[in-house]
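For reference, the structure discussed in these notes is given below.
Letters A, B, ... are given to chains in the order of the sequence lines, protein chains preceding strands, and every chain is numbered from 1. Only a predicted model underlies this, so the values are computations on that prediction, with no experimental measurement involved.
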Protein chains: 2
Amino acid sequence: MDGGSQTTARQTFDQNGRAVGRRGLQTRQRLLEATAELLREQGMRDLRVVDVARAVGTSPATFYQYFKDVREAILRLSEQAAEEMPDIVNLIDGPWRGQSGLKTARAVVDAVIRHWDTHEAVLRVRNLSADEGDPRFRRVVRDALSPLVDRLSAEIRRAQGAGRVSPDVSAAAAAASLVAMLERMASYHAQLENRGVTHSKLVETCARILFQTVTGRSAP
Amino acid sequence: MDGGSQTTARQTFDQNGRAVGRRGLQTRQRLLEATAELLREQGMRDLRVVDVARAVGTSPATFYQYFKDVREAILRLSEQAAEEMPDIVNLIDGPWRGQSGLKTARAVVDAVIRHWDTHEAVLRVRNLSADEGDPRFRRVVRDALSPLVDRLSAEIRRAQGAGRVSPDVSAAAAAASLVAMLERMASYHAQLENRGVTHSKLVETCARILFQTVTGRSAP
DNA sequence: TAGAAATCTGATGATATGTCAGATTCAAAA
DNA sequence: TTTTGAATCTGACATATCATCAGATTTCTA
């Protein structure tokens with residue numbers, strides 16, 4: 001037993017280490033939302049604390065009350081976005097055989113794309129920051145993706161056990177490659193759709209690559 | 001005939017539209033290299049013009065003589081990095097059947113990883129900027145990748161013609177997915193290798209996904 | 001409703017940006 | 001070699017952001 005209530009809303013602290021109350025949480029959240037919005041509109045490099053503050057009708061000092069800097073705000077947004085991941089992971093736990101396996105693959109592709117459509121700007125910066133070596137962001141990325149990777153990896157090992165996937169393949173690397181593909185395509189799909197690839201064709205194609213690589217079988 | 005010399009060194013202009021001479025080109029190039037170096041060390045968000053200037057032993061004003069802002073410098077670096085792409089494209093034009101096809105796939109994977117190892121920081125920011133909608137960066141990305149995508153796409157259509165790849169797959173989407181996977185894995189491989197996936201296993205795995213998806217055949 | 005706790009902000013010193021006029025360097029012509 | 005003017009560089013500056021803190025304001029609690 002952990003003694004907590006069902007949804008253990010973690011305590012939040014400000015920059016002075018003091019617990020934040022109801023009003024403060026609300027301000028903080030509005031700052032986060034403005035950050036996400038401006039990230040979408042202006043991109044990472046031109047995001048200014050002043051603009052975030054102005055958008056919320058407050059002063060920069062208020063921003064710094066809750067966040068060390070812009071990076072930290074984006075880190076928190078990344079954590080909030082990651083809360084959606086369990087829904088995607090649940091899909092992976094569906095069947096991977098035959099017709100319904102392909103359906104599982106489609107559902108996963110679709111869910112990842114939807115996740116990215118919702119959090120595009122934040123996830124992009126999250127991944128960049130992780131790639132640039134920031135350990136806090138690496139952790140968020142790992143926590144968000146490893147359940148996915150691990151599940152796919154296990155499924156691939158199963159297919160290897162059945163002799164349908166070559167032992168020369170590393171299940172972990174293959175799973176990571178698939179997730180890499182899904183993420184990158186999710187962030188890229190709008191541009192492809194501008195070039196004449198329909199959304200459903202794109203989903204179908206990714207789903208089939210996913211299915212094929214996970215199961216070692218050609219899609220039905 | 002185009003009437004130009006073999007290596008048509010394009011004229012370079014400064015911010016006032018004046019042509020840049022030998023000494024200027026050298027300064028400009030040193031500024032670019034310092035930018036790349038600092039991008040590697042400090043990441044995109046913390047890259048300061050002052051630091052770049054200091055690193056070259058010159059003043060910020062000199063930087064602004066050659067570049068409108070940091071973004072433009074990174075754009076030029078992206079263009080320089082893209083000059084390596086023909087070498088990679090040549091590899092794709094190798095054979096795609098049987099044992100030697102897998103070899104082709106391996107060579108491509110390896111080349112993409114090497115390309116990223118060399119230009120990591122620049123390519124990351126290039127892709128982010130393109131994703132954020134900057135048309136100049138979108139163009140650089142497209143120019144760099146479309147030869148790859150087009151070649152793979154053509155190869156996939158061939159496999160579709162032979163009935164080995166489902167007509168439900170979009171060749172363009174599949175090719176884009178593969179390139180997406182290759183790029184993301186190239187930027188991520190060091191982290192995977194820290195987690196116990198050896199480099200050669202990783203290359204082999206990506207190569208097999210590539211081979212399978214392009215040819216519709218299981219790797220030999 | 002007084003007093004305390006929580007929250008917000010004006011003011012500020014430090015640092016970065018981006019521009020321009022003028023100083024410096026260089027190479028070719030005299 | 002010296003002169004000359006084009007190319008290159010930079011000091012100085014006006015503007016803007018960062019990041020902090022002391023103190024004002026609001027909200028909560030007893």
From the list [options], which nucleotide is the closest neighbour of the side chain of [X]?
| X | options | answer |
| --- | --- | --- |
| R23(B) | dT27(D), dA16(C), dC26(C) | dC26(C) |
| Y64(A) | dT9(C), dC18(D), dT17(C) | dC18(D) |
| A61(A) | dT20(D), dC9(D), dA27(C) | dT20(D) |
| R22(A) | dT9(C), dC28(D), dA19(D) | dC28(D) |
| R18(A) | dT7(C), dT20(D), dT17(C) | dT7(C) |

Using atom [atom1] of [X] as one end and atom [atom2] of [N] as the other, report the distance to the nearest whole Å.
| X | N | atom1 | atom2 | answer |
| --- | --- | --- | --- | --- |
| Q65(A) | dG23(D) | CD | P | 16 Å |
| D14(B) | dT10(D) | CG | P | 15 Å |
| Q26(A) | dT7(C) | CD | P | 11 Å |
| L25(B) | dC26(C) | CG | P | 16 Å |
| Q15(A) | dC18(D) | CD | P | 15 Å |
| N16(A) | dA5(C) | CG | C1' | 14 Å |
| F67(A) | dC8(C) | CZ | C1' | 15 Å |
| L31(A) | dA19(D) | CG | P | 15 Å |

Hey, is [X] close enough to [Y] for a salt bridge, meaning N to O under 4.0 Å?
| X | Y | result |
| --- | --- | --- |
| D117(B) | R114(B) | no |
| R136(B) | D134(B) | yes |
| R30(A) | E33(A) | no |
| D131(B) | R184(A) | yes |

(message) Using a 4.0 Å heavy-atom cut-off, does Y66(A) contact any base of the nucleic acid, only the sugar-phosphate backbone, or nothing at all?
(response)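 Sugar-phosphate contact only - Y66(A) comes under 4.0 Å of backbone atoms but never of a base.
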(message) When you measure from the side-chain N and O atoms of T58(B) to the phosphate of dC9(D), is any distance below 4.0 Å, counting only OP1 and OP2?
(response) no
(request) Establish, with yes or no, whether the OP1 or OP2 oxygen of dC9(D) is under 4.0 angstrom from a side-chain nitrogen or oxygen of S59(B). (result) no
(message) Main chain of R18(B), side chain of N16(B): is a donor-acceptor contact present, judged purely on distance under 3.5 Å?
(response)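 No, the answer is negative, given that no donor and acceptor are paired below the 3.5 Å cut-off.
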(message) Return whichever of T27(B) or D69(A) has its heavy-atom-nearest nucleotide of DNA chain D closer to the 5' end.
(response)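 Checking each residue's closest nucleotide, the 5'-ward one belongs to T27(B).
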